[in-house]
There are 2 protein chains.
Amino acid sequence: MVRTMTAPSRPRRGRPRSPEADRAILDATRSALVELGWRKVTMGLIAERAGVAKTTLYRRWASKSELVVDAVSVVFDELHLPDSGSLRTDIEDVVLAFAELLRRPEAKSALMAVVAEATTEPVLRAKIKEILVGRQKRLVVLGRQRAQARGELPPDPGGPEQASRAVDLIFDVIAGAVVHRSLISTEPIDREWAQRFTNLLLGGLPATSE
Amino acid sequence: MVRTMTAPSRPRRGRPRSPEADRAILDATRSALVELGWRKVTMGLIAERAGVAKTTLYRRWASKSELVVDAVSVVFDELHLPDSGSLRTDIEDVVLAFAELLRRPEAKSALMAVVAEATTEPVLRAKIKEILVGRQKRLVVLGRQRAQARGELPPDPGGPEQASRAVDLIFDVIAGAVVHRSLISTEPIDREWAQRFTNLLLGGLPATSE
DNA sequence: GCATTCCGCTACGCGTCGTAGCGTAACACC
DNA sequence: GGTGTTACGCTACGACGCGTAGCGGAATGC
């Protein structure tokens, strides 16, 4: 659990936490992940590179996993939805951008390792759901709204409940396909694949043969 | 690497490997994974439960990851494609069966942990690609053939090259969506979700609003 | 018999996580 | 400026896991 960020009101008395240490630790974590991957990154090494004591890490994060989630989350926030004017190219572009992000070792190995630990740790699960899932759904919401405004998609017939489930479904399909191809099938994602995927998503299975 | 199974010709001389030990080790690995998850399962514990020495494990598998891949692979082989007579229900059923499989802790945490390690270990990557990806694609191939025979899908226009890429795409979309929703979004997969997913897959994005 | 390979056992080196306890530094409050 | 409180760096440590080495003995093929 991140103590710094989950505590809304910082204690008033005593020496305050060093913001430089926060940044230095997160930066060191990211750069170490890029070079070494999840397994070979140790808390001791992060502390050394950040120029702080290892105990300072454990004063802020309860475990290596939770530190890594926070360090990786800012990488995922780099994802943006380009307003290309067409739903088709919007999807293609975001798929390519997401694939590009997953090529970076810091995102790749860290994401999988953290997800793995989350299968048995509820605290981590909640954190992932908030940071990696909830925060990225905005892309789907935004893309849908634009497409509906342009008349490319019909407006939502049901209430917001129905719309929310549609967003969830689309998110899992797009993110799932990209993650699965990148990290499990380990095949490259280029523009040609993105186009074929978008064809499938827009036209459905029977329309993909041409 | 699995030495037993990758060696096609066993050495003729000397004491042969005990098949009982093989089975006992794999069984112990699976049951330990169910109870404890990836992190808390140790090679020492597996050896103890299997009634063999820890060194015997290392004579067969080079690392914990590779042992776990083999132990989990048989679980994935349980997946079958029910011949329901309709592409729609074929997809729904296989989605539900796959989701059910991913509910089991042995598959869930072990799969993710192994994938995580595979991001930095080429040997593991090849193994996963063979066992978890290549072997399961048969379901897509079979389902497509049946649907084409029934006229639900058009026949392949391009050569086998094109058909193979179509299978890869569909596999990543289906498996990706199920894995993503199960393990990253951590939302339940019930028949209603499977139906909405199948709608999307068959009809495409514009057709999902009704 | 003999060579070969496997097995169980004990012990060990190595690295990592995460914690304890100390003296000291940086703040808030009066 | 003094005082209490909290963070920090440092050192050391316990616990535990992986993976290996080396032994005597057991099971096979020749």
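A, B, ... follow the sequence lines: proteins, then strands. Residue 1 opens every chain.
The nearest whole Å value for the distance from the CD atom in B/Glu117 to the C1' atom in D/dC18 is 11 Å. In this structure, the CZ atom of A/Arg13 is 9 Å from the P atom of C/dC29, given to the nearest Å. Atom OH of B/Tyr58 is separated from atom C1' of C/dC7 by 17 Å (rounded to the nearest Å). Protein atom CH2 of B/Trp61 is 17 Å distant from nucleotide atom C1' of D/dC18, rounded to whole Å. Between B/Lys40 atom NZ and D/dC16 atom C1' the separation is 13 Å, expressed in whole Å. Counting to the nearest Å, the C1' atom of C/dC17 and the CD atom of A/Glu48 are 17 Å from each other. Following rounding to the nearest Å, A/Glu20 (CD) and C/dC27 (P) show an atom-to-atom distance of 9 Å. With rounding to whole Å, A/Ile25 atom CD1 is found 13 Å from D/dA7 atom P.
Checked against D/dC8, D/dC18, C/dT19, the side chain of A/Thr56 finds its nearest nucleotide in D/dC8. Closest to the side chain of A/Ser18, out of D/dC8, D/dT20, D/dT6, is D/dC8. For B/Ser63, counting side-chain heavy atoms from C-beta on, the closest listed nucleotide (D/dG9, C/dT4, D/dG19) is D/dG19.
Listed pair B/Arg17 / C/dC6 meets the phosphate criterion, a side-chain N or O lying under 4.0 Å from OP1 or OP2. Contact between the side-chain N/O atoms of B/Arg60 and the OP1/OP2 oxygens of C/dC7 is found at a separation under 4.0 Å.
Sequence order on DNA chain D of the closest nucleotides to B/Arg15 and B/Lys64 puts B/Lys64 first from the 5' end. Both A/Arg39 and A/Gly51 lie close to DNA chain D; mapped to their nearest nucleotides by heavy-atom distance, the more 5′-ward contact belongs to A/Gly51. Between B/Ala53 and A/Ser65, the residue anchored closer to the 5' end of DNA chain C is B/Ala53, taking for each the nucleotide with the nearest heavy atom.
Contact check on B/Arg196 versus B/Glu192 returns a salt bridge, with a Lys/Arg side-chain nitrogen under 4.0 Å from an Asp/Glu carboxylate oxygen. Salt-bridge formation is not detected for the pair B/Asp156/B/Arg165: no Lys NZ or Arg NE/NH1/NH2 atom is positioned less than 4.0 Å from an Asp or Glu carboxylate oxygen.
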Side chain to side chain donor-acceptor pair (under 3.5 Å) evaluation trace for A/Glu20 with A/Ser18: CA-CA 5 Å; A/Glu20 291 92 12; A/Ser18 157; 3.2 Å; yes
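Between the side chain of B/Thr55 and the base of C/dC9 there is at least one donor-acceptor pair of N/O atoms closer than 3.5 Å.
The backbone N or O of B/Pro160 lies less than 3.5 Å from no partner atom in the side chain of B/Ser164, so there is not a single donor-acceptor pair. Looking only at distances, a side-chain donor or acceptor of B/Thr29 sits under 3.5 Å from a matching main-chain atom of B/Ile25. Between the A/Ser182 side chain and the A/Val179 main chain, no donor and acceptor come within less than 3.5 Å of each other.
Rounded to 10 degrees, the angle between the two end axes of the helix from C/dG1-D/dC30 to C/dC30-D/dG1 is 20°, with five pairs used at each end.
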Expected list for residues 40-56 of chain B: side-chain donor-acceptor pairs under 3.5 angstrom, two or more places apart:
unit_1	atom_1	unit_2	atom_2	d
B/Thr42	OG1	B/Leu45	N	3.0
B/Arg49	NH1	B/Glu35	OE2	3.2
B/Arg49	NH2	B/Glu35	OE1	3.1

